[in-house]
Amino acid sequence: MEKNAVFPKLNGLAHGGDYNPDQWLGYPDVFAQDIDAFKKAGINCVSLGIFSWASYEPREGEYHFEWLQHVMDTLYENGIYTILATPSGARPAWLDKKYPECMRVDAYGIRNHHGDRHNHCMSSKIFREKLNNINTLLAQRFANHPGLIMWHISNEMGGECFCPECIAKFQEWLKVKYHNDINELNHAWWTTFWSHKYSCFEEIEPPFWNGETSILGLNLDWKRFTSWNMTDCMNSEIAAVKAYNPDIPVTANLMNFFNGLDYREMAKDIDYVSWDSYPRFHNDWETFDDTMRELACSHALFRGLKPDRPFMLMECTPSLVNWQPYNKLKRPGVMRLQALQAIATGSDTVQYFQLRKSRGSFEQFHGAVIDHAGIDNRVFREIAQIGADLKKIAPVAGTHLKADVAILFDWDNRWAIQDMKGMIYDDKKYERVVIEGWKEFNRAGAEIDIISYNDDFSKYKVIYAPMLYIVRPEVAKALTEFVKNGGQLLCTYMTGYVNETLLAHLGGFPGEGLSDLFGVYSEELDTLFPSDRNHIKFADGTVCEVKDCCEVLKVKDAEILAAYTEDFYKDTPAVTVKKHGKGSAYYYAARVSAKDMVPIFEQMCKDAGVTLEKMPETITRHVRYGEEGTYHFYLNISNQSAEVCAVKGTDLLTGKAVSGNISLEPYGVAVVKAE
Amino acid sequence: MEKNAVFPKLNGLAHGGDYNPDQWLGYPDVFAQDIDAFKKAGINCVSLGIFSWASYEPREGEYHFEWLQHVMDTLYENGIYTILATPSGARPAWLDKKYPECMRVDAYGIRNHHGDRHNHCMSSKIFREKLNNINTLLAQRFANHPGLIMWHISNEMGGECFCPECIAKFQEWLKVKYHNDINELNHAWWTTFWSHKYSCFEEIEPPFWNGETSILGLNLDWKRFTSWNMTDCMNSEIAAVKAYNPDIPVTANLMNFFNGLDYREMAKDIDYVSWDSYPRFHNDWETFDDTMRELACSHALFRGLKPDRPFMLMECTPSLVNWQPYNKLKRPGVMRLQALQAIATGSDTVQYFQLRKSRGSFEQFHGAVIDHAGIDNRVFREIAQIGADLKKIAPVAGTHLKADVAILFDWDNRWAIQDMKGMIYDDKKYERVVIEGWKEFNRAGAEIDIISYNDDFSKYKVIYAPMLYIVRPEVAKALTEFVKNGGQLLCTYMTGYVNETLLAHLGGFPGEGLSDLFGVYSEELDTLFPSDRNHIKFADGTVCEVKDCCEVLKVKDAEILAAYTEDFYKDTPAVTVKKHGKGSAYYYAARVSAKDMVPIFEQMCKDAGVTLEKMPETITRHVRYGEEGTYHFYLNISNQSAEVCAVKGTDLLTGKAVSGNISLEPYGVAVVKAE
Amino acid sequence: MEKNAVFPKLNGLAHGGDYNPDQWLGYPDVFAQDIDAFKKAGINCVSLGIFSWASYEPREGEYHFEWLQHVMDTLYENGIYTILATPSGARPAWLDKKYPECMRVDAYGIRNHHGDRHNHCMSSKIFREKLNNINTLLAQRFANHPGLIMWHISNEMGGECFCPECIAKFQEWLKVKYHNDINELNHAWWTTFWSHKYSCFEEIEPPFWNGETSILGLNLDWKRFTSWNMTDCMNSEIAAVKAYNPDIPVTANLMNFFNGLDYREMAKDIDYVSWDSYPRFHNDWETFDDTMRELACSHALFRGLKPDRPFMLMECTPSLVNWQPYNKLKRPGVMRLQALQAIATGSDTVQYFQLRKSRGSFEQFHGAVIDHAGIDNRVFREIAQIGADLKKIAPVAGTHLKADVAILFDWDNRWAIQDMKGMIYDDKKYERVVIEGWKEFNRAGAEIDIISYNDDFSKYKVIYAPMLYIVRPEVAKALTEFVKNGGQLLCTYMTGYVNETLLAHLGGFPGEGLSDLFGVYSEELDTLFPSDRNHIKFADGTVCEVKDCCEVLKVKDAEILAAYTEDFYKDTPAVTVKKHGKGSAYYYAARVSAKDMVPIFEQMCKDAGVTLEKMPETITRHVRYGEEGTYHFYLNISNQSAEVCAVKGTDLLTGKAVSGNISLEPYGVAVVKAE
């Protein structure tokens, strides 16, 4: 285990999950049975108290921590560590009844009734006071417990609130951002349009669905504010628990490509990134291979939020979930494959939701390590196997991945694209373009990071920045520097249309000087109806199908690589490159499939000196590098056996030396420590 | 006519419908014309006053019953009897304006505006007071009218209310159910999950859509309460009208497989069950045969609510409705076929909505016996034919059907399945499974009752209990007794998962000892995506296609009849039987079409000694048994002629003796009194 | 230019569009650049101030008209005229904040938040006062400006409000309509149905979605009231601006087949009709030809609102819009074709939304004459071409079209059909039937007006009145007169079902004596499911497919032209005619495609002596007649070249004499002044 492993106390990788013993206080045998099962399954940590506020404080001011004390003590005595949650994931009924301002107000201005989970007002002073009180009591008592290894702040944060307290806070936030100058805001949001000009900050309301939804700058700032406000509330929780022991790290469990919060901002304030992963395996719209590669892309997203340290797979289901439209079982071996893929892509943990099925309520039929009927079943046996495997590959803990290729993905660009009026109005498919690009470039043999346009580009040799709609001057400058320093850059249609407050760049797209970098102007953006098609043709005769959109370009001083074959812009340029020394700036004006973009990508890698390690079709490879060794993960992401060539080292899972070809069974994995 | 006929005064079957002469008070000729038409059509009873509150009491405290007196008197003088409604089907505008608490509050907590029909608060004290007042005045004056033969309580009751009075009443109802012990409720609903624990009953709100929707036990109890509260309101109406003449029976017109109320509970408090039947004939998604068999299934449902007495076909349209997506005319002969099918399956009445078209408003183009343009038209002539036919088969009145086969169908099981989180999330198709089972087993030659899991099973030899998700101990015991006494029982996937408050059975499914009865455990429930398929194969080589879901079984001591052919549970058991003496407990772990389940059903009937009377493809047969005779109904449910063999007796419709084969014209019917 | 041209000051046709210089006050160079561009493009008028209330009055009582003065002055000095809007299209934020009653209340009774645009309460006294104030100030200062040529009242009016002020006003409106007699209203709306009877006008609420939606007469009167109230508010604006110079004409920009307002009533109060036109060119569900003919039909609709004078094409996009689901570019030449089609069909203007792209907010990517990057682009060059063309055809201004054929289309009939309960419940396709009829009859060679059933029929020789559901006695009489005077009339299924308040006609359909005119009764209306088909067969063997609906007829004294071929009404009449001297009354009982109705239409034209000028397939022709000449427009509505025969005169666009065949390039146009 390397020194930057997430949990030094565990001497390796974490294996655990959400556990709710407070649901079973009336069933005295259950806790002992569970500990026994945990040991059988190699569970070394549990997440406690995620929804326990009503157990801690069933009536205002009446506290019950004794059960938690007993649970943490007993677990610790049995070698099992605790990740303890702050209980803001759901509120007790008495709180909402007495202080209705704790409940959110919806986008029509109607206050919620009490219920469900993630729906507290992030601004409510009384809510924050009550939350701080329970967090402080929890920290006072448990922050120095020897079994405690991490705080888990709230649960899957998200959502908006349109209450008066939030509105006032938004107005204050805007005052700071716009230097208390309403005219600055009016210009930034271009409010003269449709007579939207404000005379003072107090007139500004959030985008109520039956109110002001048409100021794009307002919409975007509201999303930024909501994200900031949620983060601010999170930080108040972090402060409360760190006050009693600053050495205990904190995390927050994030959600896959979640739209509602700017995770890049949020990640700055937590010690480790963790996420909850619920892919839809074995579905009827894509191959298993596609599902697995998309999952690897998600891991890259979360890994990229704090690139200097391992992330955590905080939740996944041991068998099935119960809230998707079709709740299918994971096939035998798939949970193990998923677990080892997480480690392969940079996680130091494999954690489940949930360790024991709850007897009633919403998730009673969600998969769990321990079933209603106990542990004599396929699912438990597979989990126990994973527990054993994780012990075998424990040295991997704390190691890291390396990538020469990066894809840019940012939340405010995403929000801006979603709200952009034009093109395909309801779905511009930005996320899909990012993910499909990741998958196909990965299939071509690359390890790829997903980074922000605010990150340092100099670590990379090849950058793909699709649909870089918002461009600020410093980003344009950094991209230009990157290319001038020999970097390979690929951008697409819809690049550089607007600035940070969504004002269109004047003087032509892509703006902020990028038209010089690429040597092209985009004169028009054409959108295709669903059954419309165009094509582009390269010099070598390759023809690719175009859907969705085509930019009509004016080339200034770029080389034309491909041209349209149809419609009024037939024979005009569709793909161009402009060389800047060893660097290249590619512009792809039409939407083709990510697969069809691979040749350009391969050329970029070649020119950048990046070696693509192409694997057999159903094999993915990831490498974790540490001071004590290099670990090659070979994952067979199919239900057929497959061969991998030219492997050399020791397979930690079998303990055997391997040299030359190895065969992987369906869904099989090898973790080879290189010689 | 047998002694248990619904309306002794009518000397046979009732022929009538909804009639609204108060709409025509300003058209003096219309009433006389209508009576003339009724006589021509053999109409012997009418339903009056269903929406007449504003006619009775146009302003608070100002009453007008004189028009009703005149109508009932004149009808009676002309030999036509009255079914009189209580007027709670819709409220006058002055009532809602003065007492807004009479109007319901919706699931977001917003009070309705005045309008439409079925939307009074069932709890409102002022509403009940006002309703009691008008009902009392009506009963005082008309309960002993010689023309009155029945009270029709309200109209097509249904719906929910989330107002403060309903909330308080719900809390009281819960206190009674849970013995005033909030901890009992907390355990029953497993509220520790997601911090939902209540500290007192006053904290409990109904499942507001912007509130608490995730406690399954709460959701189910709220449905039970709403059904109980509606029934309670109905009972207050019954008490008001029975006070002046307890001998007049009451009914309430129910709706086809209506989801909102537990009709089994409701039926206990009325004297006769009646229902409103609006099948979609001649549609473009199923055969006419299918439509007719599904309609027979519906009749079986309502017949089963009070199995000891005939039911009533309270409403059907003489030609078309005007509120379905496509409002197609019934083809010539189909109304007659539908009328005689109702009698064949146990109804003692054929009643229409409506006798005369209303000149304006919502249903002005709904079919009626009397058209805007009078009675010189096809529809009226067909109704008159039915009137004549009903007189010919009058001896059938008061007779009953017999069935050895039953299908279980219960409302709380249905609600629990709908709200179950898992499997196919949005549509588990419970009703469809019940109906398709009924249709195919009927096509195989069986008369089938639809009963509750609380009913006495000993009357039956074969029971099909699909998706018996909720199992209480006494139900498990009764099913076990049934099998041990020689009964043939067929259950399926999703049997015995939860108890009455939706807590999962611990120790394995099916719970409550049923795994001993069937000799199997269900270890996992796999759900298939829409285009996924599996198959099961029987020993004789028969292969059936599987959709939607598959349970993975552990067999303890059952015989395996079929196994899966694909996927990781290939070759594991899919259909089993465990014999208990002469009794058998079949378990069907996969969802196949009802047609594919027929061989098992036939085997069960054979083993139970139940004779299946298989008819030609488009003929259905039902038999009504009375003290004075046995009546065989042969219905040709197709638009082609068909032959029936080996008939012997007198066809009451033709008055002729029949012996041997008879031919039925398209949509034709024979009613043969057996020799 | 004829004397009844819209803008005498322009000496020909107007070329202009919406212009928002107040958005660019902080960009001093822009205005001068724009004027330069306008001159290059032949722009001679602009529409100003449509959303400028917040620019005029940024705080209550603080006024800024100086920028407008500068803009109008400078434009005028450069030969560019102004159409000045009243600014009620959107309200400043301070107004809604201080006077929330200016904001509408929605159909659930919830008041809007501030935002978007067209959402003021039309009844609010304070809103009208504030609006009158700003309009008065505007008119005082600018009504006599030499550059002012028209007032543009508000913008794209529409929508409903359910606030207390509107409810009270509705009740007053009903009192007037129903002579302060609640019983008259009760009868007219047939409120006895479902106990809807009112005891006083104060009990009446509008059709709240959670209230009274089932009284059809109420629903229709509410639409009439809303339309009247919007018109009333418009009239208050007109009065304010006319007070200072009654000679300046007013218009209001209408929307294509807009459902929400009775444009026939509204048009009476404005001087010129103008409309905003956003067809979806090059889509993937119809041919370009279809799109263009439907657009011509829309022009006919607006032309018909004030048949004695030219209309205005107030808005269209120079390239694309940004709010449709797929925002495709107009292909080269299509904007010009569209512009010249507008002139061909009776417009005296070609105006765009927008002259310059707004830098931010909702429409920043909507097409414009001047792009973010300036005017060196395809779009601007095409606009400049149009500017030049319009100058060449300037003599057309003020001329008019002639038509012998009319189609009836009325808003209250439309609303009544939409709300009619029956047939296909959700979509009776009335508008589609009107439009497809227009297109096919136009393709057959006819110029067609779209008129009201209240218009003078004597101007026409052939009238098509599909689905004339509402028939008042005077309309029945006028149609009868029309036929008796030799007119050719074609009606269809669903004719004459109800009167003006939606009471069904008693005594048979079509009512009000029309069954005598046609010689038929409609006994039943059958609706077909989507995949159902029937057919009708004519004496000459022609067979046409029937979808959606079939009436079953009783023929009294009409000639039968076609009969059904299937179902129970096989061989019964489907199409009939009754001759009245030279006049004919055709009845088409089944829904066939408009194309299949063309032979009947051609027969009618032949009998009426109307010559059909059939063009080559992709050519449309329109003729404008003036005192100084006759102008034949030939439009090639395809992307292929096409020939037109037998043309004689001078092509104004080329300046050349033409005689015999002319060839039109793809999307090409010839405007031939006849010799």
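Throughout, protein chains are lettered first and strands after them, A, B, ... in sequence-line order, and every chain is numbered starting at 1.
Between C:Tyr178 and C:Phe201, some side-chain heavy-atom pair lies under the 4.5 Å cut-off.
Judged by the 6.0 Å and 45° rule, B:Arg378 forms a cation-pi pair with C:Phe568. Stacking of C:Lys421 on the aromatic ring of B:Phe365 is not recorded, the 6.0 Å distance cut-off and the 45° axial limit not both being met.
Only the side chain of C:Asp567 comes within contact range of chain B, judged by heavy atoms closer than 4.5 Å. In this structure, chain B has no heavy atom under 4.5 Å from any part of C:Pro207. When heavy atoms are compared at a cutoff of 4.5 Å, B:Tyr27 approaches chain C solely by way of its side chain, counted from C-beta outward. At a 4.5 Å heavy-atom cutoff, the contact between B:Arg359 and chain C is made by backbone and side-chain atoms alike. For a residue to count as touching a neighbouring chain, one of its non-hydrogen atoms must lie under 4.5 Å from one of that chain's; by this rule B:Glu62 does not touch chain C.
Among B:Gln364, B:Lys357, B:His366, the residue with the largest count of heavy-atom pairs under 4.5 Å with chain C is B:Gln364. Per-residue heavy-atom pair counts under 4.5 Å with chain C were compared for B:Ala54, B:Ser361, B:Ser319, B:Ala93, and the maximum is reached by B:Ser361. The greatest number of non-hydrogen atom pairs below 4.5 Å with chain B, out of C:Ser531, C:Cys200, C:Gly508, is found for C:Ser531. With chain C as partner, the option from B:Ile110, B:Asn377, B:Ile50, B:Leu320 having the largest number of non-hydrogen pairs under 4.5 angstrom is B:Asn377.
Using non-hydrogen atoms only and a strict 4.5 Å limit, the part of residues 17-26 of chain B facing chain C consists of B:Asp22, B:Gln23, B:Trp24.
The aromatic ring centroids of B:Phe288 and B:His282 lie less than 6.0 Å from each other.
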